[in-house]
K.L.:
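This is the structure I have questions about; it appears just below.
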Amino acid sequence: MPAVTVDDLLLLKRVRRPDPALTAERRVRGVITAEPGFEGAGFPIRRAFPGPIAPRHTDPFLMLDHVGAVDYAPGDAKGAPWHPHRGFETVSYVLDGAVAHQDSNGGGGIIEGGDTQWMTAGSGILHDEMPTEEMLARGGVMHSFQLWVNLPAADKWNPPRYQDIRGDKLTLLSSADGGALIRLIAGELDGHRGPGATATPIILVHATLSPGARLELPWPAGFNALAYAFGGQGTAGPENRGLREGQLALFGEEGGALGVTAAARQEGPADDFDLLIFGGRPIREPIARYGPFVMNTRDEIAQAVEDYRSGRLGTVPAEHADVPDGGGAPAAD
């Protein structure tokens, strides 16, 4: 896993350990196992949510897909050909492999191990995410995440924009005892800020815990909190709920600290316990969603579909992805 790392964690700035006499640690509300499936042109995913978790518990987050890890043979790598988005943000964090992207505004680039692409779809854009030519020719491991973040109604009509956040720009921190590496991608944690600019206040962290290490993080009041394990095994919360690769821990709302612990002995190929830890301030607005569109009303969804079919979301020198009729009115959450 070529995500950004360091040789000596003790040289990094440290995140303070919350004082248990002053703040309670959040308990785990539940643990969800991600559901396997396929997306785009047929690449395998594990979807942590949406699913059995009520949307109010993940707000402002809409979806988390864990892509791979899959070792492609030459010519087999797959991506997501041209497709539209409106009304939210897509956050793509790449651990292994390389993805080439382009859009209907003429933007484009390549993100690879340790990089993050933060796309604010806003008023609408057409987008294409495919393996690089080298990846297609030689094959290799692809391992990444895509997190969907909702936008408040006031920001849904803003012009689209990108943030290409290179791995060497992440804010690297250490746990209080030096047992965990914290890669802060976005938001503020104990006075430290990540490079990602967010429309809605959130925190997004990739943490790597050495075997037996415990990570305790101060967590803002009013933010929800989730932790998705994607390598190794450990526990979450003061009750030490078991958490393994492919599982999501949903924390409760009470308390100003989060805690996760790596198993002293890691079974399987992983040497460490790797997690995405994230949370944000809920938007608490009505949500109407239909495929690649997330708005506030059914009428806005219908308008998004019509704008896409009429070419008002942009045009590209490629066939558009199909947006099905859906057999009736768009669904609203």
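If you're wondering where the values come from, they're calculated on a predicted model, not measured in any experiment.
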K.L.:
In terms of ring plane angle, is the pair H127 and H83 parallel, tilted or perpendicular, where the classes change at 30° and 60°?
P.N.:
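Ring orientation, 0 to 90° scale: perpendicular.
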K.L.:
Has the side chain of K156 got a donor or acceptor atom that lies under 3.5 Å from a matching backbone atom of G122?
P.N.:
no
K.L.:
Quick check on the 6.0 Å ring-centre criterion: do F278 and F61 meet it?
P.N.:
yes
K.L.:
Between the side chain of Q303 and the main-chain N/O of D299, is any donor-acceptor distance below 3.5 Å?
P.N.:
no
K.L.:
Treating Ile, Leu, Val, Met, Phe, Trp and Tyr as nodes and any side-chain heavy-atom pair under 4.5 angstrom as an edge, say whether L151 and I203 lie in one connected cluster.
P.N.:
no
K.L.:
Report yes if some heavy atom in the side chain of H101 is under 4.5 Å from a heavy atom in the side chain of M130; otherwise report no.
P.N.:
no
K.L.:
List in chain and number order the residues that pass salt bridge (charged side-chain N to carboxylate O under 4.0 Å, His left out) with E285, two or more places apart in sequence or in another chain; answer none if no residue qualifies.
P.N.:
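Listed in chain order: nothing, the list is empty.
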K.L.:
Tell me the closest heavy-atom pair linking G196 and A186, and the distance in Å.
P.N.:
O-CB, 3.9 Å
K.L.:
For T58, what residues pass the side chain to side chain donor-acceptor pair (under 3.5 Å) criterion, not counting sequence neighbours?
P.N.:
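For T58, no residue satisfies side chain to side chain donor-acceptor pair (under 3.5 Å) once neighbours in sequence are set aside.
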K.L.:
Check S175 against L215 and note the closest heavy-atom contact, atom names and distance.
P.N.:
CB-CD1, 3.7 Å
K.L.:
Determine yes or no for a side-chain-to-main-chain donor-acceptor pair under 3.5 angstrom, with W82 supplying the side chain and D103 the backbone.
P.N.:
no
K.L.:
Just jot down the side chain to side chain donor-acceptor pair (under 3.5 Å) partners of E112, sequence neighbours excluded, or say none.
P.N.:
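Checked E112 against side chain to side chain donor-acceptor pair (under 3.5 Å); zero matches.
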K.L.:
Mind checking what makes side chain to side chain contact (heavy atoms under 4.5 Å, CB included) contact with D59, not counting sequence neighbours?
P.N.:
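If we apply the side chain to side chain contact (heavy atoms under 4.5 Å, CB included) test to D59, skipping adjacent residues, the hits are P282, I283, R284.
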K.L.:
One thing to verify: whether R17 and E216 come together as a salt bridge, which I'm taking to mean a side-chain N less than 4.0 angstrom from a carboxylate O.
P.N.:
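Answer for the salt bridge query: yes.
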K.L.:
D115 side chain to G167 main-chain N or O, any donor-acceptor pair under 3.5 Å?
P.N.:
yes
K.L.:
Which residues satisfy the side chain to side chain contact (heavy atoms under 4.5 Å, CB included) test with E188, sequence neighbours excluded?
P.N.:
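Residues passing side chain to side chain contact (heavy atoms under 4.5 Å, CB included) with E188: R193.
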K.L.:
Would you indicate whether the side-chain heavy atoms of Y162 and Q117 approach each other to under 4.5 Å?
P.N.:
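Answer yes - side chains close enough.
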K.L.:
So do N105 and I125 actually touch side chain to side chain, heavy atoms under 4.5 Å?
P.N.:
yes
K.L.:
Which pair of heavy atoms, one from P195 and one from I165, lies closest together, and at what distance?
P.N.:
CG-CG2, 3.5 Å
K.L.:
By the side chain to side chain donor-acceptor pair (under 3.5 Å) test, which pairs, at least two apart or in different chains, include something from residues 255-267?
P.N.:
R214-T261
K.L.:
With sequence neighbours left out, what residues match D128 under salt bridge (charged side-chain N to carboxylate O under 4.0 Å, His left out)?
P.N.:
none
K.L.:
Could you tell me which non-hydrogen atom of S123 sits nearest to which non-hydrogen atom of P159, and how far apart they are?
P.N.:
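Closest pair (atom of S123, atom of P159, distance): OG-CA, 4.1 Å.
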K.L.:
Check salt bridge (charged side-chain N to carboxylate O under 4.0 Å, His left out) between R86 and all other residues, then give those that pass, not counting sequence neighbours.
P.N.:
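R86 satisfies salt bridge (charged side-chain N to carboxylate O under 4.0 Å, His left out) with D307 only.
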K.L.:
Is there a side-chain contact between V4 and L172 (heavy atoms, below 4.5 Å)?
P.N.:
yes
K.L.:
Just to verify, what does R46 make a side chain to side chain contact (heavy atoms under 4.5 Å, CB included) with, not counting sequence neighbours?
P.N.:
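Applying side chain to side chain contact (heavy atoms under 4.5 Å, CB included) to R46 gives A34, H66, Y228, E245.
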K.L.:
Any idea how F145 and Y93 line up, ring-wise: parallel (<30°), tilted (30 to 60°), or perpendicular (>60°)?
P.N.:
parallel
K.L.:
Show the numbers, then the answer: is there a side chain to side chain contact (heavy atoms under 4.5 Å, CB included) between R289 and M295?
P.N.:
CA-CA 6 Å; R289 57 189 299 173; M295 304 301 289; over 6 Å; no
K.L.:
Donor-acceptor check, side chain of D65 to backbone of V67, threshold 3.5 angstrom: yes or no?
P.N.:
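The answer is no, because no donor-acceptor pair under 3.5 Å joins these two groups.
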K.L.:
Donor-acceptor check, side chain of E89 to backbone of A121, threshold 3.5 angstrom: yes or no?
P.N.:
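Judged by distance alone, no pair lies under 3.5 Å.
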K.L.:
Can you list the residues that meet the side chain to side chain contact (heavy atoms under 4.5 Å, CB included) rule with L11, with sequence neighbours excluded?
P.N.:
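L11 satisfies side chain to side chain contact (heavy atoms under 4.5 Å, CB included) with D8 once adjacent residues are dropped.
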K.L.:
Can you check whether G179's main-chain N or O pairs, donor with acceptor, with D177's side chain at less than 3.5 Å?
P.N.:
yes
K.L.:
Taking the side chain as C-beta and beyond, is there a heavy-atom pair between L226 and I277 under 4.5 Å?
P.N.:
no
K.L.:
Side-chain contact, heavy-atom cut-off 4.5 Å: P131 with M142?
P.N.:
no
K.L.:
Distance from I185 atom CD1 to T198 atom OG1, nearest 0.5 Å?
P.N.:
12.5 Å
K.L.:
Is there a donor-acceptor pair closer than 3.5 Å between any side-chain N or O of K78 and the backbone N or O of D76?
P.N.:
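At least one qualifying donor-acceptor pair exists.
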K.L.:
Would you tell me whether H206 and D274 have side-chain atoms, one donor and one acceptor, within less than 3.5 Å of each other?
P.N.:
yes
K.L.:
Is the closest side-chain heavy-atom distance between L258 and P218 below 4.5 Å?
P.N.:
no
K.L.:
Are any non-hydrogen side-chain atoms of I182 and L217 less than 4.5 angstrom apart?
P.N.:
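When only atoms from C-beta onward are counted, L217 and I182 do touch, with a gap below 4.5 Å.
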K.L.:
S144: which residues meet the side chain to side chain donor-acceptor pair (under 3.5 Å) condition with it, sequence neighbours left out?
P.N.:
none
K.L.:
Flag yes if more than 12 heavy atoms outside E133 fall under 6.0 Å of its CD atom; otherwise flag no.
P.N.:
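It does not: E133 CD has 12 such atoms or fewer within range.
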K.L.:
So which of D71, V94, L95 actually passes side-chain contact (heavy atoms from CB on, under 4.5 Å) with H143?
P.N.:
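When side-chain contact (heavy atoms from CB on, under 4.5 Å) is applied between H143 and each of D71, V94, L95, only L95 qualifies.
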K.L.:
Given side chain to side chain contact (heavy atoms under 4.5 Å, CB included), test L12 with L181 step by step and report yes or no.
P.N.:
CA-CA 9 Å; L12 299 175; L181 172 61; 3.6 Å; yes
K.L.:
Look only at the side chain of D190 and the backbone of R16, and say whether a donor-acceptor pair between them is shorter than 3.5 Å.
P.N.:
yes
K.L.:
Is the side chain of S310 donor-acceptor paired with the backbone N or O of R312 at a distance under 3.5 Å, no angle test?
P.N.:
no
K.L.:
Strictly by modelled atom types, are R183 and T208 linked by a side-chain donor-acceptor pair under 3.5 Å?
P.N.:
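Yes, a side-chain donor-acceptor pair sits under 3.5 Å.
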K.L.:
Please set out all donor-acceptor pairs under 3.5 angstrom arising from side-chain atoms of residues 250-257, sequence neighbours excluded.
P.N.:
none

K.L.:
Any idea which heavy atoms bring P84 and L313 closest together, and the distance?
P.N.:
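Residues P84 and L313, closest heavy atoms: CB-CD1, 3.9 Å.
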